[in-house]
*Asks:* 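Attaching a single structure in structure tokens format; questions to follow.
In listed order, ligands and their atoms are each counted from 1.
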Amino acid sequence: RPVTIPIKNRHVFITGGSSGIGLALAQQAASQGARVSLLARSLNKLQEAKESIRRSSGLDVAIFSADVRDHDAVQKAVNDAGPIDVLVVNQGVFVPQELEKQGLDEIKFMIDVNLMGSFNVIKAALPLMKERKDRLPASISLISSQAGQVGIYGYTAYSASKFGLRGLAEALQQEVIADNIHVSVVYPPDTDTPGFEKENEVRPELTKLLAGSSGSMKADEVAKKALDGIKSGSFTVPCNFEGHMLAIATAGLSPQRSFLMAFIEVASVGVLRLVGLFFQWNWYQTIENWHAKKNRT
Ligand SMILES: NC(=O)C1=CN([C@@H]2O[C@H](COP(=O)(O)OP(=O)(O)OC[C@H]3O[C@@H](n4cnc5c(N)ncnc54)[C@H](OP(=O)(O)O)[C@@H]3O)[C@@H](O)[C@H]2O)C=CC1
Ligand SMILES: CCCCCCCCCCCCCCCC(=O)[C@@H](N)CO
């Protein structure tokens, strides 16, 4: 059934809120009247984020410095921040590299921050969310990636960490629906953020080529799509046209509140599997051509 998650005068807690998509989300939520808290590691970046939100919207946000890999630090930050109505688990790290070349420490780093870190944040926030006084619908939202819907060259650990969020979200939604808590998973394409700039310096060419199939978006555009999806309680939140196709092609048994969308999914899943096969056919052609070119040089 459809639901609306109000954010005006409610507490929106965003991890990774000092940069990129998280910062854009914070700005938009604050300008829509939410009380915003940001959690990240670097206090400097948090203070800069706080200043930039104050400059752009004159609004004050709370900042909490903690590493999501440290459950106790996260628990302390969440307790200091107070009961949360809309939790946005956004933090993420991404170091693209072929598995053969990638160090196990880097693989563990991505799983620890993107997946285990998300468990730490949700575990810390859930008890107080269940006790919230206003009994209005609440939300736990995870920022995944289109690489969390389809594996992409160079993203073995990253995709694994983001695919894990989907299993977490589907199971969690069944566990918290009785508390009027609604789960959303947001799937952005490449997004113009400081993290992405850093990634582009080390990204394998094939990763760039294949991920490029879905184009790229600005952080503000992704944040708007994400916030709209979160407020409408959508379980799956695609961010662009390719993302809508991808969401239907990978719908599996994910929940669907909208009867219209359910109808569209049922009617189009067949042809979208065909489109997906064409994308894969094209991608493997690209991989083959890339190796052939490399062997010639
Ligand atoms: N940019 C892109 O192309 C895409 C990004 N995404 C996803 O969107 C999310 C945000 O990405 P983006 O905005 O690009 O990232 P940025 O690198 O720009 O920002 C990452 C944020 O997460 C925080 N963070 C990183 N590690 C930790 C940690 N261990 N504990 C607490 N906070 C942490 C950072 O602050 P600090 O370093 O100070 O801790 C920063 O605030 C990620 O989950 C990413 O996977 C999905 C698809 C595309
Ligand atoms: C059925 C039809 C299919 C439609 C087309 C599918 C195209 C998918 C391309 C995957 C793009 C992956 C982007 C990863 C962004 C990211 O997360 C990194 N920048 C690190 O954050």
*Asks:* Can you tell me which residue among K231, Q27, K8 is in a side-chain hydrogen bond (donor to acceptor under 3.5 Å, both in side chains) with Q32?
*Replies:*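 Considering K231, Q27, K8, a side-chain hydrogen bond (donor to acceptor under 3.5 Å, both in side chains) with Q32 is found only for K231.
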
*Asks:* Check contact between R203 and ligand 2, using heavy atoms of the residue and a distance below 4.0 angstrom.
*Replies:*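 Heavy atoms of R203 do come under 4.0 Å of ligand 2.
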
*Asks:* Answer side chain, backbone, both or neither: which part of K45 comes under 4.0 Å from ligand 1, heavy atoms only.
*Replies:*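 For K45, only side-chain atoms sit under 4.0 Å from ligand 1.
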
*Asks:* For atom 32 (N) of ligand 1, tell me which residue out of A147, S18, A40, A26 has the closest non-hydrogen atom.
*Replies:*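 Looking at heavy atoms only, the winner is A40.
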
*Asks:* Would you find a donor on one side and an acceptor on the other, under 3.5 Å apart, between the side chain of N282 and the backbone of F278?
*Replies:*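 No, the answer is negative, given that no donor and acceptor are paired below the 3.5 Å cut-off.
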
*Asks:* Got a sec: does the CG of L274 have more than 12 other heavy atoms crowding it under 6.0 Å?
*Replies:*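 Atom CG in L274 is crowded, with more than 12 foreign heavy atoms closer than 6.0 Å.
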
*Asks:* Using 0.5 Å steps for rounding, measure from the OG atom of S184 to the CD atom of Q173.
*Replies:*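 Taking OG in S184 and CD in Q173, the distance rounds to 8.0 Å.
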
*Asks:* If we ignore hydrogens and angles and just use 3.5 Å, is the side chain of K162 paired with the main-chain N or O of I143 as donor and acceptor?
*Replies:*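 Answer holds: yes.
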
*Asks:* Find the distance between CD1 (I177) and CG (L172) and round it off to the nearest 0.5 Å.
*Replies:*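 Going from CD1 on I177 over to CG on L172, the span is 10.0 Å.
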
*Asks:* Could you give the distance from CD (E48) to CG (L23), rounded to the nearest 0.5 Å?
*Replies:*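 Answer rounded to 0.5 Å: 10.0 Å.
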
*Asks:* Which atoms of ligand 1 are found less than 4.0 Å from any heavy atom of G195?
*Replies:*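 Taking each heavy atom of G195 in turn, ligand 1 has 16 (P), 17 (O), 18 (O) under 4.0 Å.
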
*Asks:* Name the closest protein heavy atom to atom 23 (C) of ligand 1, giving the residue it belongs to and the distance to 0.1 Å.
*Replies:*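 Among all protein heavy atoms, the one nearest atom 23 (C) of ligand 1 is G16 CA, 3.6 Å.
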
*Asks:* Should L39 be counted as touching ligand 1, given the test is an N or O pair under 3.5 Å?
*Replies:*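 No, since none of the N or O atoms of L39 sits under 3.5 Å from an N or O of ligand 1.
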
*Asks:* Do me a favour and list the nearest non-hydrogen protein atom to atom 9 (C) of ligand 2 with residue, atom name and distance?
*Replies:*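 I find the closest protein heavy atom is S214 CB, 3.8 Å.
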
*Asks:* Atom 10 (C) of ligand 2: which protein heavy atom is closest, and how many Å away?
*Replies:*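 Protein heavy atom at minimum distance: I152 CD1, 3.8 Å.
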
*Asks:* Quick check on contacts: which atoms of ligand 2 are under 4.0 angstrom from a heavy atom of A211?
*Replies:*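 The atoms of ligand 2 under 4.0 Å from a heavy atom of A211 are 11 (C).
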
*Asks:* Determine yes or no for a side-chain-to-main-chain donor-acceptor pair under 3.5 angstrom, with R35 supplying the side chain and R10 the backbone.
*Replies:*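 The answer is no, because no donor-acceptor pair under 3.5 Å joins these two groups.
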
*Asks:* Among S161, S144, S145, which residue meets the side-chain hydrogen bond (donor to acceptor under 3.5 Å, both in side chains) test with N114?
*Replies:*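 Going through the options one by one, the only one that passes is S161.
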
*Asks:* Which residue is it: Q97, M110, R203? I am looking for the one with a side chain to side chain contact (heavy atoms under 4.5 Å, CB included) to Y155.
*Replies:*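 Only match with Y155 under side chain to side chain contact (heavy atoms under 4.5 Å, CB included): R203.
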
*Asks:* Which atoms of ligand 1 are found less than 4.0 Å from any heavy atom of G20?
*Replies:*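 Close to G20: 13 (O), 18 (O).
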
*Asks:* Near D190, which atoms of ligand 1 are under 4.0 Å from a heavy atom of that residue?
*Replies:*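 Reading through ligand 1 atom by atom, the close ones are 3 (O).
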
*Asks:* Going by the atom numbers of ligand 2, which of them fall below 4.0 Å from some non-hydrogen atom of A249?
*Replies:*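 The atoms of ligand 2 under 4.0 Å from a heavy atom of A249 are 1 (C).
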
*Asks:* Return yes when atom CD of Q174 has more than 12 non-hydrogen atoms of other residues, nucleotides or ligands closer than 6.0 Å, and no otherwise.
*Replies:*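 Check fails, neighbour count at 12 or below.
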
*Asks:* Any N or O of Q146 that comes nearer than 3.5 Å to an N or O of ligand 1?
*Replies:*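 No, Q146 has no N/O under 3.5 Å of an N/O on ligand 1.
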
*Asks:* Can you check whether P188 has an N/O within less than 3.5 Å of an N/O in ligand 1?
*Replies:*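 In this structure, P188 places no N or O atom under 3.5 Å from an N or O of ligand 1.
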
*Asks:* List ligand 2 atoms under 4.0 Å from F196, heavy atoms only on the residue side.
*Replies:*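 Those qualifying, in numeric order: 19 (N).
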
*Asks:* Can R69 and D112 be counted as an ion pair, charged N to O under 4.0 angstrom?
*Replies:*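 Salt bridge absent between R69 and D112.
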
*Asks:* To the nearest 0.5 Å, tell me how far F279 CZ sits from M245 CE.
*Replies:*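 Output value for this atom pair is 4.5 Å.
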
*Asks:* Regarding K101 and E98, does a basic nitrogen lie under 4.0 Å from an acidic carboxylate oxygen?
*Replies:*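 Looking at E98 together with K101, the answer is yes, because their closest N to O distance falls below 4.0 Å.
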
*Asks:* Could an N or O of ligand 1 be found under 3.5 Å from any N or O of F94, whether backbone or side chain?
*Replies:*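 For ligand 1, there is no N or O atom that lies under 3.5 Å from one belonging to F94.
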
*Asks:* Looking only at protein heavy atoms, which one is nearest to atom 15 (C) of ligand 2, and what is the separation?
*Replies:*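 The closest heavy atom on the protein side is D190 OD1, 3.1 Å.
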
*Asks:* Determine, using heavy atoms of G117 and all atoms of ligand 1, whether some pair is separated by less than 4.0 Å.
*Replies:*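 In this structure, G117 fails to qualify as a contact of ligand 1 - no heavy atom is under 4.0 Å.
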
*Asks:* Report the distance from atom CD of E242 to atom NE2 of H244, rounding to the nearest 0.5 Å.
*Replies:*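 Between atom CD of E242 and atom NE2 of H244 there are 10.0 Å.
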
*Asks:* Regarding atom 17 (O) of ligand 2: of the candidates S159, G151, S145, S213, which has the closest heavy atom?
*Replies:*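 It is S145 whose heavy atom sits nearest to atom 17 (O) of ligand 2.
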
*Asks:* State if Y158 counts as touching ligand 1 under the rule of any non-hydrogen atom under 4.0 Å.
*Replies:*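 Yes, Y158 has a heavy atom closer than 4.0 Å to ligand 1.
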
*Asks:* So, does G148 sit close enough to ligand 1 that a heavy atom of it is under 4.0 Å from the ligand?
*Replies:*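 Heavy atoms of G148 never come under 4.0 Å of ligand 1.
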
*Asks:* What part of K198 sits under 4.0 Å from ligand 1 if we count only heavy atoms: the side chain, the backbone, both or neither?
*Replies:*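 Neither; nothing of K198 gets under 4.0 Å from ligand 1.
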
*Asks:* Does the side chain of E170 come within less than 4.5 Å of F235's, by heavy atoms?
*Replies:*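 A side-chain contact under 4.5 Å exists here.
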
*Asks:* Hey, what do you get for OH (Y187) to CG (L246), rounding to the nearest 0.5 Å?
*Replies:*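 Going from the OH atom of Y187 to the CG atom of L246 covers 9.0 Å.
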
*Asks:* Taking distance alone, with no angle check, do F196 and ligand 1 share an N/O pair under 3.5 Å?
*Replies:*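 F196 vs ligand 1: no N/O contact under 3.5 Å.
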
*Asks:* Considering only non-hydrogen protein atoms, determine which one is nearest to atom 18 (C) of ligand 2 and report residue, atom name and distance to 0.1 Å.
*Replies:*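 Minimum-distance protein heavy atom for atom 18 (C) of ligand 2 reads Y155 OH, 3.1 Å.
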
*Asks:* Counting only N and O atoms by type, is there a donor-acceptor contact under 3.5 Å from the side chain of S258 to the main-chain atoms of L260?
*Replies:*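 Looks like yes, one N/O pair under 3.5 Å.
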
*Asks:* P189: heavy atom below 4.0 Å from ligand 1, yes or no?
*Replies:*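 Yes, that is the case, since the closest heavy atom of the residue is under 4.0 Å from the ligand.
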
*Asks:* Donor-acceptor pair, distance only, cut-off 3.5 Å: does the side chain of E106 make one with the backbone of G103?
*Replies:*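 Side chain of E106 to backbone of G103: no pair is present.
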
*Asks:* Contact between P96 and E199 at the side-chain level, heavy atoms closer than 4.5 Å - yes or no?
*Replies:*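 A side-chain contact exists here, since the closest heavy-atom pair is under 4.5 Å.
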
*Asks:* Relative to the heavy atoms of I21, which atoms of ligand 1 are at a distance of less than 4.0 Å?
*Replies:*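 It comes down to these atoms of ligand 1: 5 (C), 8 (O), 13 (O).
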
*Asks:* One residue to check: S144. Relative to ligand 1, which of side chain, backbone, both or neither has a non-hydrogen atom less than 4.0 Å away?
*Replies:*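 For S144, the contact with ligand 1 is made by the backbone alone.
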
*Asks:* Taking 4.0 angstrom as the limit and counting only heavy atoms of V113, give me the atoms of ligand 1 inside it, by number and element.
*Replies:*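 Per the distance check, 26 (N), 29 (N).
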
*Asks:* Quick check: E199 and ligand 2, any N/O pair under 3.5 Å apart?
*Replies:*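 Min N/O separation from ligand 2 is below 3.5 Å for E199.
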
*Asks:* Check each of F94, F279, Y158 against atom 3 (C) of ligand 2 and report the one with the nearest heavy atom.
*Replies:*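 That would be F279.
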
*Asks:* Around atom 2 (C) of ligand 1, find the nearest protein heavy atom and jot down its residue, atom name and distance.
*Replies:*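 Here the nearest protein heavy atom works out to T191 N, 3.4 Å.
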
*Asks:* List every atom of ligand 2 that sits less than 4.0 Å from any heavy atom of G276, numbering the atoms from 1 in the order shown and giving each element.
*Replies:*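 Checking each atom against G276, I get 1 (C).
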
*Asks:* S145 to ligand 1: N or O pair under 3.5 Å?
*Replies:*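 Among all N and O atoms of S145, none is under 3.5 Å from an N or O of ligand 1.
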
*Asks:* Pick one of side chain, backbone, both or neither for how N90 approaches ligand 1, counting any non-hydrogen atom pair under 4.0 Å.
*Replies:*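 Both backbone and side chain.
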
*Asks:* Once you restrict to heavy atoms under 4.0 Å, what part of A66 touches ligand 1? Side chain, backbone, both or neither.
*Replies:*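 Just the backbone.
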
*Asks:* Around atom 38 (O) of ligand 1, find the nearest protein heavy atom and jot down its residue, atom name and distance.
*Replies:*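 Of the protein heavy atoms, S42 N, 2.9 Å lies nearest.
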
*Asks:* Considering only heavy atoms of G92, which atoms of ligand 1 have at least one such atom less than 4.0 Å away?
*Replies:*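 Here the atoms of ligand 1 in question are 42 (C), 43 (O).
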
*Asks:* Pull out every atom of ligand 2 sitting under 4.0 Å from any heavy atom of L272, numbered as shown with elements.
*Replies:*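 So the atoms of ligand 2 that pass are 1 (C).
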
*Asks:* Going by the closest heavy atom to atom 33 (C) of ligand 1, which one wins out of M217, M116, Q91, E199?
*Replies:*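 Ranked by closest heavy atom to atom 33 (C) of ligand 1, first place is Q91.
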
*Asks:* Enumerate the atoms of ligand 1 whose separation from the nearest heavy atom of D67 is less than 4.0 angstrom.
*Replies:*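 Result: 28 (C), 29 (N), 30 (N).
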
